[in-house]
A.B. asks: 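This is the structure I have questions about; it appears just below.
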Protein chains: 2
Amino acid sequence: MSNQISFQSAIKSRNLRMTNQRRQVLRVLEESDEHLDAEAIYDLVRKQNPRISLATVYRTLALFKELGLVNEHKLGEDHSHFETAQEEPHYHFTCLSCRKIIEFSAPEIEETLLPRIAKQGLEINEVHLIISGYCADCQANLIEGKKQCSSPRPIHNQN
Amino acid sequence: MSNQISFQSAIKSRNLRMTNQRRQVLRVLEESDEHLDAEAIYDLVRKQNPRISLATVYRTLALFKELGLVNEHKLGEDHSHFETAQEEPHYHFTCLSCRKIIEFSAPEIEETLLPRIAKQGLEINEVHLIISGYCADCQANLIEGKKQCSSPRPIHNQN
DNA sequence: TTGATAATGCGAATTATTATCAATAAGAAA
DNA sequence: TTTCTTATTGATAATAATTCGCATTATCAA
Ligand SMILES: [Mn+2]
Ligand SMILES: [Mn+2]
Ligand SMILES: [Zn+2]
Ligand SMILES: [Zn+2]
C-alpha cells in the first residue's frame with residue numbers, strides 16, 4: 001500500500017484534514033532517498049510553499065509518525081532524521097567523519113533476536129540499531145592525514 | 001582492570017588532574033546499577049558535595065566517555081543516560097510506559113552481524129541497539145485498563 | 001612553597017523541539 | 001454556493017538539555 005493511500009484512510013478514520021502542508025511534507029519525504037532532518041524538510045517544502053512554518057513541519061512529522069507513515073531516527077546527532085516507512089526492516093550505520101548514512105539489513109535480528117526478546121514477555125514496538133564508525137572513504141582520507149572526508153556533510157547547527 | 005585504575009593511567013598520559021568532582025562522579029556511577037542521567041548523577045553527587053556544578057557533571061561525563069570509562073545511551077528520551085563501561089557487550093530494552101530499562105545480550109550481533117558489516121569496509125566504533133515497547137508488568141496493567149504501570153518512573157522534564 | 005595551568009562554579013548562550021493563540025482554511029451541512 | 005464548525009496553521013514565546021565564557025580555585029610538578 002502506498003503512503004498516500006494509508007494517509008487517506010487514516011484521515012478518514014480520525015477527524016483529520018488533508019492540507020497542502022501535509023501533502024507537501026509527505027511528497028518531499030517520498031521524493032527523497034535520504035534521511036532528512038526537520039530543517040532539511042522545511043527547506044525543501046519552502047521551495048514550493050515559502051509560507052510554511054517550521055512548527056508545522058514538526059507537527060506534521062509527529063502526526064505521520066503516529067500514523068506509521070514515517071519513522072524517526074536518532075542517529076547520534078542532536079536532532080532527528082526522518083524517512084518514510086519502508087517495507088523491509090533495516091538499520092543504520094553513520095560515519096562519524098562525513099555523517100553519511102548507510103542502511104543495512106540484519107535478518108538475525110528479526111529471526112532470532114526479537115523472538116527471543118518476545119519470549120521474555122516483552123512487547124516490542126520499535127527496534128533501532130545504530131552502528132557508528134568510519135566509512136571506507138573516510139578511513140582512507142583519515143589515514144593519509146587529511147582529517148577530512150572527501151565529501152563531508154556539514155553539521156547542521158553550526159550556522 | 002577496574003575503572004579507577006584505567007582512570008589513573010589515563011590521567012598520567014594526558015595532562016589531566018585528579019579532582020574530587022571526578023572521583024565523586026565515578027563513584028556514583030560505579031555504585032549504581034541503574035542507567036543514570038546527568039541530573040540524577042548531579043543529585044547523587046550533591047549529597048556528598050553540595051557545591052558541585054551541573055556543568056562539571058556534564059564535563060566529567062564527556063571526559064569519561066572519551067576515556068572509555070563510561071558509555072552514553074540515547075534511549076528515546078530527550079536526554080542521555082550513562083553507565084560505566086561493561087565487560088560484556090549488551091543492549092537495552094526500554095518500557096514506553098514505566099521507562100524501566102532491561103539489558104539483554106545478543107551474541108548474533110557480535111558473532112555474525114558486526115563481522116559482516118566490517119567486511120563491507122566499514123570501521124565500527126559503537127553499536128547501539130534499543131528496543132522499545134512494554135514490559136510484562138505494564139502489559140498486564142494496561143490491559144486491565146489502568147493506563148499506568150505499577151512502578152512508573154516519572155519523566156524527568158515535567159518538574 | 002610556589003608557579004603554571006587544568007578544572008570548577010556560575011550564569012549566559014545555544015539548539016532542537018514544543019506550546020500558545022489568534023487567524024485561516026478544510027469540508028460537512030444547509 | 002454559502003455558512004458554520006473546528007482542525008490546522010503561522011508566528012513567536014517557552015522549554016529543556018547541553019555547552020560556553022570567564023573569573024576564581026585547586027592540582028601537582030618543580
Ligand atoms: Mn533508513
Ligand atoms: Mn546498560
Ligand atoms: Zn565518511
Ligand atoms: Zn513498564
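Naming convention: chains lettered A, B, ... in sequence-line order (proteins, then strands); numbering from 1 in each chain.
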A.B. asks: Could you tell me the separation between the CD atom of B:Glu66 and the P atom of C:dA7, rounded to a whole number of Å?
C.D. replies: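 Computing the B:Glu66:CD to C:dA7:P distance gives 11 Å.
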A.B. asks: When the distance from CG of A:Asp78 to C1' of D:dC20 is rounded to whole Å, what number comes out?
C.D. replies: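 After rounding, the reported distance stands at 15 Å.
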A.B. asks: Name the pairs: protein N/O against N/O of nucleotides 28-30 of chain D, kept only if under 3.5 Å.
C.D. replies:
{"residue": "D:dC28", "atom": "OP1", "partner": "B:Met18", "partner atom": "N", "Å": "2.8"}

A.B. asks: Rounded to whole Å, please give me the gap between CD in B:Gln8 and C1' in D:dT27.
C.D. replies: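 Taking CD of B:Gln8 and C1' of D:dT27, I get 13 Å after rounding.
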A.B. asks: Both A:Lys74 and B:Leu63 contact DNA chain C. Taking the nearest nucleotide for each, which residue is further toward the 5' end?
C.D. replies: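 It is B:Leu63, whose closest nucleotide lies nearer the 5' terminus.
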A.B. asks: To the nearest Å, give me how far apart CD (A:Glu77) and C1' (C:dT17) are.
C.D. replies: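 Value for this atom pair: 16 Å.
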A.B. asks: Which nucleotide sits closest to the side chain of B:His79: D:dT18, D:dT9, C:dT17?
C.D. replies: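 The answer is D:dT18, which lies nearest to the side chain.
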A.B. asks: Just by distance, with hydrogens left out, do A:Ser32 and A:Glu30 show a side-chain donor and acceptor under 3.5 Å apart?
C.D. replies: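 Absent: no donor and acceptor within the cut-off.
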A.B. asks: Is B:Asn15 near enough to D:dT27 that one of its side-chain N or O atoms lies under 4.0 angstrom from OP1 or OP2?
C.D. replies: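 So the side chain of B:Asn15 is outside the cut-off, no N or O lying under 4.0 Å from OP1 or OP2 of D:dT27.
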A.B. asks: Give the dot-bracket line for DNA chain D from 5' end to 3' end: parentheses for intra-strand Watson-Crick or G-U pairs under 3.5 Å, square brackets for crossings, | for inter-strand pairing, dots for unpaired.
C.D. replies: ||||||||||||||||||||||||||||||
A.B. asks: A:His90 vs A:His73 aromatic rings, parallel, tilted or perpendicular, using cut-offs 30° and 60°?
C.D. replies: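 Answer is tilted, since the angle falls between 30° and 60°.
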A.B. asks: Is it true that a side-chain atom of B:Arg22 and a backbone atom of B:Phe64 form a donor plus acceptor pair closer than 3.5 Å?
C.D. replies: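 Answer holds: no.
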A.B. asks: Under the salt bridge (Lys or Arg N to Asp or Glu O under 4.0 Å) definition, can you give me all pairs with a residue in residues 57-67 of chain B, not counting sequence neighbours?
C.D. replies: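 Found B:Arg14-B:Glu66, B:Lys65-B:Glu72.
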A.B. asks: Evaluate the criterion side chain to side chain donor-acceptor pair (under 3.5 Å) for residue pair B:Glu108 and A:Thr112; output intermediate values, then yes/no.
C.D. replies: CA-CA 8 Å; B:Glu108 47 272 87; A:Thr112 86; 2.5 Å; yes
A.B. asks: For the pair made of CG in B:Leu61 and P in D:dA17, what is the distance, rounded to whole Å?
C.D. replies: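 Going from CG in B:Leu61 over to P in D:dA17 covers 15 Å.
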A.B. asks: Contact class for B:Arg51 vs. all strands (heavy atom < 4.0 Å): base, sugar-phosphate, or nothing?
C.D. replies: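 Touches sugar-phosphate only.
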A.B. asks: Taking only side-chain N and O atoms of A:Arg22, does any of them lie within less than 4.0 angstrom of OP1 or OP2 on D:dT8?
C.D. replies: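 Yes, A:Arg22 has a side-chain N/O under 4.0 Å of OP1/OP2 on D:dT8.
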A.B. asks: Can B:His81 and B:Glu83 be counted as having a side-chain donor-acceptor contact under 3.5 angstrom?
C.D. replies: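 On atom types as modelled, these side chains do not qualify, holding no pair under 3.5 Å.
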A.B. asks: Could you give the CG-to-C1' distance, from A:Leu26 to D:dT8, as a whole number of Å?
C.D. replies: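 For the pair A:Leu26 CG and D:dT8 C1', the rounded distance is 17 Å.
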A.B. asks: If we only count heavy atoms from C-beta on, is the B:Ile130 to A:Lys74 side-chain gap below 4.5 Å?
C.D. replies: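 No. Closest side-chain heavy atoms not under 4.5 Å.
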A.B. asks: How are the rings of A:Tyr91 and A:Phe104 set relative to one another: parallel (under 30°), tilted (30 to 60°) or perpendicular (over 60°)?
C.D. replies: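 Tilted, since the angle between the ring planes falls between 30° and 60°.
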A.B. asks: Are B:Ile131 and A:Leu75 grouped together when hydrophobic residues (ILVMFWY) are joined by side-chain heavy atoms under 4.5 angstrom apart?
C.D. replies: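 Different hydrophobic clusters.
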A.B. asks: Among the nucleotides C:dT15, C:dT8, D:dT9, which one has an atom lying closest to any side-chain atom of A:Arg59?
C.D. replies: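 Closest nucleotide among those given: D:dT9.
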A.B. asks: Write down the distance between CZ (A:Arg23) and C1' (C:dA26), rounded to a whole number of angstrom.
C.D. replies: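 After rounding, the gap between these two atoms is 10 Å.
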A.B. asks: Can you work out whether A:Leu54 or B:Ala55 has the more 5'-proximal nearest nucleotide on DNA chain D?
C.D. replies: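 Between the two, 5'-proximity favours A:Leu54.
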A.B. asks: Do B:Thr94 and B:Glu77 touch side chain to side chain, with heavy atoms closer than 4.5 Å?
C.D. replies: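 Side chain of B:Thr94 against side chain of B:Glu77, heavy atoms only: no contact under 4.5 Å found.
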A.B. asks: Ignoring backbone atoms, test whether A:Tyr58 places a side-chain nitrogen or oxygen under 4.0 Å from the OP1 or OP2 oxygen of C:dT18.
C.D. replies: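 Looking at the OP1 and OP2 atoms of C:dT18, neither is under 4.0 Å from any side-chain N or O of A:Tyr58.
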A.B. asks: Answer yes or no: does a side-chain N or O of A:Asn20 lie under 4.0 Å from OP1 or OP2 of C:dA25?
C.D. replies: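 No, outside the criterion.
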A.B. asks: Establish, with yes or no, whether the OP1 or OP2 oxygen of D:dG10 is under 4.0 angstrom from a side-chain nitrogen or oxygen of A:Gln21.
C.D. replies: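 So the side-chain polar atoms of A:Gln21 do come within 4.0 Å of the phosphate oxygens OP1 or OP2 of D:dG10, strictly under.
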A.B. asks: Nearest whole angstrom, please: distance from the C1' of C:dT17 to the NZ of A:Lys65.
C.D. replies: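 Taking NZ of A:Lys65 and C1' of C:dT17, I get 11 Å after rounding.
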